[in-house]
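Below, all heavy atoms of this structure are taken into account, side chains as well, without hydrogens, waters or symmetry copies. Position 1 is the first residue of the sequence; numbering continues from there.
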Amino acid sequence: MDNNRIKIAIQKSGRLTEHTISLLKKCGLIISHTRNHLIGYGENMPFDLMFVRDDDIPGLVQDNLCTLGIVGMNEALEKKIEIENLEKAPANFEIVSNLDFGQCKLSFAYPDDSTYQDLKNLEGKTVATSYPNIVSDYISKAGLNISVTQFSGAVELAPSLGKADLICDLVSSGQTLKAHNLTEGQTILESTAVVIKSLQAMDSIEETWVNKLIERIQGVLQVKESKYIMMHAPRASIDSITNLLPGTESPTIIPLEGTNETVALHVVCKENVFWETLEDLKAKGASSILVVPVEKMLM
Ligand code: PRT
Ligand code: ZN
């Protein structure tokens, strides 16, 4: 491996893999990767991808073996708290971007038929989780007296196996809890995939590339909902029309041939635009309204 190349740790095979690769491709990275290989090479930028288990991603960035990682916030936070508890020093990585995939919640869940269904009546009970550091941190900050037992898989079986009174696990649709006769309670973390970055000093070339990639990732995220809107509008209504459009910056105003009262108005709208908004624009005097998707954006 070439040590001058910047390593990004990503999940080898799982819920985040496809979204992560698609995001990096949208950032312009051409990846050469053969199935079952643990390394993918960036053909047009000095980035190489390390395909690993998601649990290992924060540790690789912590140890500066990879500069960047894309992982669930749940894993990043679990490792961060673990390191900070063990080493009594801040972790060596930070979250630099929240992504728009991998959404889930880390929530407590109680057996459907239990007499306790909220955190108040849990004195002396035991919670099973794969996230012992996040859960212990939450419990101690909330001043609760609940023991935490670590389960690395099938956490939802812990109550029926008699290993715990309740669980704290990732939930998305809620089907897994339902299938195991568990009721969701308090959520302690709303998680998405995130980009983590090593806090180790970098040379200026590496730093430039890393910042460029993070900026492109943010550009890709912004573009998703953004629309470019063009219309004809009465000059007198420019303010009231732009107020109707969420997330816009100063509009571009272009004079129209043969009239002073009407202008062409172009704006980038950073949120989705619904039919209702177009109808409201029309009611304010706008006409010939065109909404087009934005392909790339660099702020
Ligand atoms: O092999 P490797 O260790 O890399 O993968 P993994 O099996 O540990 O992770 P994977 O691919 O399942 O999840 C990767 C990341 O996706 C997690 O760390 C979360 O950040 C995110 N994510 C999003 C989820 C879920 N949704 C999710 N629903 N991770 C796990 N689940 C599990 C949950 O643990 C429970 O068993 O799905 C079940 C609940 O789902 P519902 O839909 O029934 O509620
Ligand atoms: Zn894992």
Side-chain angles (χ1 to χ4, degrees), residues 10-11 13-20 23 53-58 69-85 91 95 97-196 221 224-225 272:
I10 70 167
Q11 193 184 22
S13 159
R15 288 169 205 261
L16 306 181
T17 309
E18 217 181 291
H19 292 285
T20 302
L23 171 68
R53 288 198 57 190
D54 68 341
D55 319 51
D56 296 332
I57 295 172
I70 296 180
V71 67
M73 189 194 286
N74 46 303
E75 293 292 345
L77 210 58
E78 177 65 13
K79 188 70 181 177
K80 200 169 169 22
I81 300 173
E82 182 192 329
I83 291 163
E84 294 179 354
N85 285 341
I95 292 176
S97 194
N98 292 315
L99 303 172
D100 59 353
F101 56 88
Q103 287 88 348
C104 56
K105 299 178 279 180
L106 182 62
S107 300
F108 286 103
Y110 310 91
D112 291 342
D113 56 3
S114 68
T115 49
Y116 45 91
Q117 293 285 343
D118 76 59
L119 288 177
K120 285 186 212 110
N121 313 320
L122 294 176
E123 195 71 17
K125 298 261 188 279
T126 299
V127 55
T129 183
S130 308
Y131 299 92
N133 289 290
I134 299 178
V135 175
S136 300
D137 188 61
Y138 179 87
I139 286 174
S140 84
K141 285 182 180 148
L144 301 166
N145 179 22
I146 308 172
S147 317
V148 176
T149 180
Q150 182 169 1
F151 249 67
S152 33
V155 180
E156 56 283 342
L157 294 179
S160 50
L161 293 173
K163 297 279 183 198
D165 302 295
L166 66 153
I167 67 166
C168 190
D169 196 17
L170 298 178
V171 183
S172 53
S173 68
Q175 287 306 317
T176 305
L177 292 185
K178 211 175 254 172
H180 291 86
N181 304 317
L182 295 161
T183 304
E184 188 179 349
Q186 176 85 22
T187 293
I188 64 175
L189 176 73
E190 303 264 1
S191 182
T192 61
V194 294
V195 181
I196 55 174
L221 293 174
K224 285 244 167 98
E225 298 266 276
N272 215 344

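- Side chain of Thr129 to backbone of Cys168: a donor-acceptor contact under 3.5 angstrom is found.
- Rounded to the nearest 0.5 angstrom, Ile10 CD1 and Thr17 OG1 are separated by 6.5 Å.
- Proximity of Val195 to Leu99: side-chain heavy atoms (C-beta onward) are separated by under 4.5 Å at one or more points.
- Counting heavy atoms from C-beta on, the side chains of Val127 and Ile139 come closer than 4.5 Å.
- Judged by distance alone, the side chain of Thr187 and the main-chain N or O of Lys105 form no donor-acceptor pair under 3.5 Å.
- In this structure, Ile81 and Tyr131 have side chains that are not in contact, with every pair of non-hydrogen atoms separated by 4.5 Å or more.
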Review item, side-chain donor-acceptor pairs of residues 142-164, under 3.5 Å, at least two apart:
from: Asn145; atom 1: ND2; to: Glu123; atom 2: OE2; distance (Å): 3.0
from: Ser160; atom 1: OG; to: Leu157; atom 2: O; distance (Å): 3.0

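- Contact check for Gln11 versus Thr20: no side-chain heavy atoms found under the 4.5 Å cut-off.
- Between the CG atom of Leu189 and the CD atom of Glu78 there is a distance of 10.5 Å, given to the nearest 0.5 Å.
- The shortest side-chain heavy-atom distance between Glu75 and Ile57 does not fall under the 4.5 Å cut-off.
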List the atom pairs, donor and acceptor, that lie under 3.5 Å between side-chain atoms in residues 110-119 and the rest of the protein, sequence neighbours left out.
from: Tyr110; atom 1: OH; to: Leu119; atom 2: N; distance (Å): 3.4
from: Asp112; atom 1: OD1; to: Leu182; atom 2: N; distance (Å): 3.4
from: Asp112; atom 1: OD1; to: Thr183; atom 2: N; distance (Å): 3.2
from: Asp112; atom 1: OD1; to: Thr183; atom 2: OG1; distance (Å): 2.6
from: Ser114; atom 1: OG; to: Pro111; atom 2: O; distance (Å): 2.9
from: Ser114; atom 1: OG; to: Tyr116; atom 2: O; distance (Å): 2.7
from: Ser114; atom 1: OG; to: Gln117; atom 2: NE2; distance (Å): 3.3
from: Tyr116; atom 1: OH; to: Asp165; atom 2: O; distance (Å): 2.9
from: Gln117; atom 1: NE2; to: Pro111; atom 2: O; distance (Å): 3.1
from: Gln117; atom 1: NE2; to: Asp112; atom 2: O; distance (Å): 3.3
from: Gln117; atom 1: NE2; to: Ser114; atom 2: O; distance (Å): 3.4
from: Asp118; atom 1: OD1; to: Lys120; atom 2: N; distance (Å): 2.8

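- Taking all atoms of both residues into account, the shortest heavy-atom contact from Ala76 to Val194 is CB-CG2, 4.3 Å.
- Of all the heavy atoms in Val171 and Ser107, the pair that sits closest is CG2-CB, 4.1 Å.
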Report task. List the steps, then state whether side chain to side chain contact (heavy atoms under 4.5 Å, CB included) holds for Cys104 with Leu106. Result -> CA-CA 7 Å; Cys104 56; Leu106 182 62; over 6 Å; no

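- The line from CG of Asp55 to OG of Ser130 is 9.0 Å long, rounded to the nearest 0.5 Å.
- You'll find the side chain of Ile167 reaches within 4.5 Å of the side chain of Leu177, heavy atoms only.
- Note that CD1 of Ile134 and CD of Glu82 are 11.0 Å apart. Values are rounded to the nearest 0.5 Å.
- Side-chain contact check for Leu16 versus Ile70: every heavy-atom pair is 4.5 Å or farther apart.
- Under a 4.0 Å N-O distance rule, the pair Lys80/Glu84 qualifies as a salt bridge.
- Residues passing the side chain to side chain donor-acceptor pair (under 3.5 Å) test with Glu190, sequence neighbours excluded: none.
- In this structure, Lys178 NZ and Glu184 CD are separated by 11.0 Å, a value rounded to the nearest 0.5 Å.
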